Amino acid sequence: MEVEKTPEKGKLSYLQYPVKGSDRRVTVATTRPETMLGDTAVAVNPNDERYGDLVGATLLLPIQNREIPVVADEYVDPQFGTGAVKVTPAHDPNDYEMGLRHDLPQIVVIDPNARMTEAAGEGFFGLDRYKARERVIEQFEELGLLEKAVDYEFSISRCERCKTVIEPLIMLQWFCRMDEMRELALGLMRKEGKPHFTPQVPYEKVYTDWLENLKDWTISRQLWWGHQIPAWYTSDGRVFVARSEEEARAAAGTDELTQDQDVLDTWFSSALWPFSTLGWPDETDDLKTFYPTSVLVTARDIIFLWVSRMVMTGMKFMRETPFQDTFITGTVLDKHGQRMSKTKMNGIDPLDVFDKYGVDATRLVLASIGSTDTRWNDNQVEAYRNFANKIWNAARFCLMNSEGASVGRGFDASAREEWALHDRWIMSRLNKTARETNDAIEAYQFHEAVQTLYHFFWDDFCDWYIELSKQEVSAEEASDERSAARSRLLSVLEQALRLLHPFMPYITEELWQRLPGVDESLLHTAYREGAARPTIMLASYPQADASLIDERAESEMQAVINLISRVRNIRTEMNIKPSERVRLIIASPEESARSVFEASREQMARLARTSEILIRERLEAPRASARAVLGGGAEVAVPLEGLIDFETERARLSREMEKLQKESAKLEAQLANPQFVERAPAEKVSEIRERLSDITERTRRLTETLEAIR
RNA sequence: GGUCGAGUAACUCAGCCCGGUUGAGAGUGCCUGUCUUACAAACAGGAAGUCGAAGGUUCAAAUCCUUCCUCGACCACCA
């Protein structure tokens with residue numbers, strides 16, 4: 001963590017060590033020649049034929065004139081370098097391991113200040129490590145034992161902060177034994193599947209793999225910042241580990257104690273967070289109430305550092321998982337796909353983003369980033385800033401027209417059958433939205449939750465519901481109908497704000513407070529009594545009312561919406577100015593469809609900007625009309641005497657026809673395949689048949705239409 | 001070296017776990033109109049993708065499997 005690796009250029013020196021009692025020399029390669037002063041062996045691979053006869057032989061370590069053995073060790077890669085490795089147990093982690101395996105002495109030749117120790121010998125003692133490196137090379141040259149020195153690029157460990165090159169050193173440290181805690185965590189995952197990771201693939205495996213390979217944990221750090229190690233020493237060197245200095249004194253039988261200067265690894269302290277913050281080790285009310293917690297939201301690289309350790313200490317001290325679930329977020333990268341870092345200076349300052357686009361918009365962006373990495377782009381924030389603006393303006397419209405109205409009124413539950421189509425529709429959409437949003441949040445599908453809310457608010461509520469109800473809502477004269485319509489508008493808005501609140505806390509609170517009729521009754525039951533003032537923060541999160549989900553209303557409203565859209569499309573394609581009103585002829589063989597259109601006359605007229613609407617069983621329109629075929633056998637014609645350009649209209653309809661034919665060709669091919677009809681589920685097959693027959697019907701009508709203007 | 005992710009419209013991303021209901025989507029950008037009294041940070045309409053490549057499984061593949069290519073991450077580290 002605190003060490004960073006950088007590839008750097010250096011020299012790889014080939015040093016020769018004479019074999020005792022022979023003329024042979026063994027060549028070893030090293031990037032740190034000064035460490036040879038602390039060599040206690042040379043290792044070769046046991047299967048390396050070049051050195052087979054040398055295993056067990058004794059070498060004469062130059063300069064030091066010390067005798068060191070040749071040992072065989074699997075660690076050595078015969079393909080690399082000379083196939084012989086100098087072993088410096090005191091200054092290299094791998095060499096240390098080898099040293100243990102072959103029972104080699106550890107000779108410390110570099111001290112904590114990177115100067116050579118007395119053990120480095122006369123002539124080196126007190127010397128800076130790099131000076132020592134030069135001198136070692138010089139002496140090898142003089143002795144004729146320097147075979148060569150070649151340029152070499154290798155990775156160097158540097159301190160993350162000060163960039164000083166790190167030298168491995170043997171030091172006394174405090175360790176935490178991990179075997180028991182590891183088993184506790186692994187057992188929890190095996191037996192209860194906790195903590196449950198989202199996404200489960202691949203993070204559950206990442207987590208368990210890491211635990212399975214866990215070694216004892218070095219928990220002491222030579223820093224000043226942190227919890228000091230609870231170990232005390234007596235003047236004669238005895239050590240007492242205790243909960244407090246008092247305990248240590250009692251145990252030691254003396255007051256003359258010095259506490260260990262080291263501090264705990266910050267992650268050790270953090271590992272206790274889920275319960276230490278709740279008052280542990282005291283059995284506080286907070287601890288009883290809030291442990292275990294529900295979910296930890298965090299980044300990938302924290303799984304090892306923190307998640308696993310909280311689980312282990314939680315299991316050890318609380319005997320229970322610290323959290324049920326872990327949600328792993330993606331990482332926000334810069335626009336080139338690079339990780340943001342202080343050294344690269346490619347980070348984004350959230351405060352700047354807040355200033356530019358607002359806190360809610362920023363939060364919405366971050367909330368909708370899933371578990372894959374994503375590049376930061378201002379566009380997304382800007383889009384959500386626009387969304388916030390949209391919410392603001394929609395609410396402004398509702399409030400401008402709120403006289404005589406109040407949240408919670410308007411939707412008379414006893415008279416649902418009498419609600420207008422668009423009211424039944426918006427309530428259905430609202431409740432579906434609530435259902436989908438709750439489900440999405442439950443499954444940690446935040447992106448989906450945000451998308452659902454975004455489209456409900458913008459598309460359903462703003463683009464359609466407000467427009468559909470505008471006439472009644474903004475009537476000049478006050479009336480019960482007007483108040484009811486206004487109340488319905490406010491009620492839908494109010495619930496939408498509550499649904500949006502976790503994602504956009506500020507704007508929703510600001511607006512919610514202003515709505516007439518918000519009071520304690522909207523608060524979550526836990527807060528209904530005693531709340532100083534209603535706040536959206538304590539309001540209950542809207543849950544879907546299944547009885548208000550009305551598929552029929554949705555499809556009927558959709559038919560009207562489609563019709564309006566088609567007429568708008570015709571208007572644009574035919575270059576009809578917005579100010580110009582057109583006549584509309586709608587035809588449908590279905591009585592029920594006609595009555596739906598009949599009921600929506602006023603709205604169609606306003607939103608499609610028409611002067612007159614005729615609704616009939618059969619389409620009888622002037623030749624000079626633009627037409628469109630809708631689903632369910634309905635057709636619409638826009639008479640355009642003198643305005644229509646038949647060439648344009650034919651082209652428009654032909655494009656339409658092409659689309660239909662492509663689609664029907666696909667479906668026909670599918671049905672022509674006997675394997676499909678035989679093996680696919682029956683409902684799938686009949687669904688395709690239905691779709692095809694619908695398309696065939698539309699194609700037929702379109703053909704007629706095309707012929708009519710020939 | 002080990003492990004794992006990503007590649008879908010010009011850009012940033014959903015969808016993939018659990019194959020067919022998304023007759024491939026969103027936002028931005030682009031094109032054409034419009035200041036229609038909530039909103040031009042908007043409204044209305046439109047164009048745009050053989051879902052990295054090649055195979056395979058299947059009646060059916062963006063979705064499952066294999067291989068490859070290109071990016072990226074993490075872990076371990078070579079004297």
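Because the structure is predicted, anything quoted here is derived from the model rather than measured. Naming convention: chains lettered A, B, ... in sequence-line order (proteins, then strands); numbering from 1 in each chain.
- When distances are taken from the side chain of A/Pro681 to each of B/G20, B/A79, B/A38, the shortest belongs to B/G20.
- To the nearest whole angstrom, the two P atoms, one in B/G19 and one in B/C75, are 34 Å apart.
- One finds a side-chain N or O of A/Thr372 lying less than 4.0 angstrom from the OP1 or OP2 phosphate oxygen of B/A14.
- The nucleotide whose nearest atom lies closest to any side-chain atom of A/Arg385 is, among B/A24, B/C78, B/A41, B/A41.
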Nucleotide N/O of nucleotides 27-31 of chain B paired with protein N/O under 3.5 Å:
| unit_1 | atom_1 | unit_2 | atom_2 | d |
| --- | --- | --- | --- | --- |
| B/U28 | O2' | A/Asn379 | ND2 | 3.4 |

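- Spacing between atom CD of A/Gln200 and atom C1' of B/C4 amounts to 16 Å, rounded to whole angstrom units.
- Among the heavy atoms of the strands lying under 4.0 Å from A/Asn94 are primed sugar atoms or P, OP1, OP2 only; no base atom is included.
- Nucleotides B/A62 and B/U3 are separated by 26 Å at their C1' atoms, to the nearest Å.
- Side chain of A/Arg571 to main chain of A/Lys577: a donor-acceptor pair is present (N/O by atom type, distance under 3.5 Å, no hydrogens or angles).
- Spacing of P atoms, B/A47 relative to B/U8, comes out at 23 Å, to the nearest Å.
- In this structure, CD of A/Glu34 is placed 13 Å from P of B/A79, rounded to the nearest angstrom.
- What separates CD of A/Gln451 from P of B/G25 is a distance of 15 Å, to the nearest Å.
- A donor-acceptor contact shorter than 3.5 Å links the side chain of A/Arg182 to the backbone of A/Leu214.
- Distance alone, capped at 3.5 Å, places no donor-acceptor pair between the A/Asp39 side chain and the A/Lys86 backbone.
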Pairwise N/O distances under 3.5 Å, protein to nucleotides 44-47 of chain B:
| unit_1 | atom_1 | unit_2 | atom_2 | d |
| --- | --- | --- | --- | --- |
| B/G45 | O3' | A/Asn569 | ND2 | 3.1 |
| B/G46 | OP1 | A/Asn569 | ND2 | 3.4 |

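- Contacts of A/Val76 with the nucleic acid, taken as non-hydrogen atoms under 4.0 Å apart, include base atoms.
- Inspection of the A/Trp376 and A/Asp378 side chains reveals an N or O donor paired with an N or O acceptor under 3.5 Å.
- Nucleotides B/C18 and B/U12 are separated by 27 Å at their C1' atoms, to the nearest Å.
- For the 3.5 Å distance criterion, the side chains of A/Tyr203 and A/Arg300 qualify, holding a donor opposite an acceptor.
- Among the atoms of the strands shown, only primed sugar atoms or phosphate atoms (P, OP1, OP2) are found under 4.0 Å from some heavy atom of A/Asn673.
- Closest-nucleotide positions on RNA chain B for A/Tyr75 and A/Trp376 were compared, and the one nearer the 5' end corresponds to A/Trp376.
- Residue A/Lys470 places at least one side-chain N or O closer than 4.0 Å to OP1 or OP2 of B/A38.
- B/G27 and B/U66: their C1' atoms are spaced 36 Å apart (whole Å).
- When the P atom of B/G5 is taken as reference, atom CZ of A/Arg339 falls 17 Å away, rounded to whole Å.
- A straight line from OH of A/Tyr357 to C1' of B/U12 spans 13 Å, rounded to a whole angstrom.
- Side-chain proximity of A/Phe304 to B/C75, B/G20, B/A38: nearest is B/C75.
- Side-chain contact, A/Gln558 with A/Asn562: a donor N or O sits under 3.5 Å from an acceptor N or O.
- To the nearest whole angstrom, the two P atoms, one in B/G15 and one in B/U63, are 15 Å apart.
- Comparing B/C77, B/U34, B/U21 against the side chain of A/Pro578 picks out B/U34 as the nearest.
- For the pair A/Asp209 and A/Thr374, both in contact range of RNA chain B, the more 5′-proximal nearest nucleotide belongs to A/Asp209.
- For the pair A/Arg101 and A/Glu74, the salt-bridge criterion is not met [side-chain N within less than 4.0 Å of a carboxylate O].
- At the heavy-atom level, A/Thr31 lies under 4.0 Å from the strands shown only through sugar-phosphate atoms.
- The distance from atom NE2 of A/His91 to atom C1' of B/A79 is 16 Å, rounded to the nearest whole Å.
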Given the rule that a pair is Watson-Crick or G-U wobble with both distances under 3.5 Å, how would you write RNA chain B in dot-bracket, using | for pairs to a different strand? (((((((..((((......[....)))).(((((.......))))).....(((((..]....))))))))))))....
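- Under the 3.5 Å distance criterion, the side-chain polar atoms of A/Asp334 are left unmatched by any main-chain donor or acceptor of A/Met340.
- A/Met400 has its CE atom 11 Å from the P atom of B/U37, to the nearest Å.
- Among the heavy atoms of the strands, none lies under 4.0 Å from A/Glu448.
- In this structure, the side chain of A/His91 engages the main chain of A/Ile110 through a donor-acceptor pair within 3.5 Å.
- When the C1' atom is used for both B/U32 and B/U37, the distance is 25 Å, rounded to whole Å.
- For CD of A/Glu442, the number of neighbouring non-hydrogen atoms (other residues, nucleotides, ligands) closer than 6.0 Å is 12 at most.
- In summary, of the residues considered (A/Leu146, A/Leu145, A/Thr82, A/Leu15), a side chain to side chain contact (heavy atoms under 4.5 Å, CB included) with A/Thr27 occurs for A/Thr82 alone.
- Put simply, A/Lys577 has no side-chain N or O that comes within less than 4.0 Å of OP1 or OP2 on B/U36.
- Closest contact between the side chain of A/Ala680 and the listed nucleotides B/G20, B/C78, B/A24 involves B/G20.
- B/A61 sits 16 Å from B/A53 when the C1' atoms are compared, rounded to a whole Å.
- Of the possible polar contacts, one joining the A/Asn213 side chain to the A/Asp209 backbone as a donor-acceptor pair under 3.5 Å is found.
- Contact annotation for A/Glu467: base contact, defined as any heavy-atom pair under 4.0 Å involving a base atom.
- Side-chain atoms of A/Cys462 lie closest to B/A38 of the nucleotides B/A38, B/U36, B/G20.
- Of the possible polar contacts, none joining the A/Asp694 side chain to the A/Glu690 backbone as a donor-acceptor pair under 3.5 Å is found.
- Contact annotation: A/Lys356 side-chain N/O to B/A41 OP1/OP2 distance is not under 4.0 Å.
- Listed for the A/Thr88 side chain is no donor-acceptor partner under 3.5 Å among the backbone atoms of A/Ala90.
- A/Arg609 contributes a side-chain N or O that, together with a main-chain N or O of A/Pro578, makes up a donor-acceptor pair within less than 3.5 Å.
- Using a 4.0 Å heavy-atom cutoff across all strands shown, A/Ile688 reaches no nucleic acid atom at all.
- Within 4.0 Å of A/Lys666, counting heavy atoms only, lie sugar-phosphate atoms of the nucleic acid but no base atom.
- If you take CG of A/Asp73 and P of B/A79, they are 17 Å apart, rounded to a whole angstrom.
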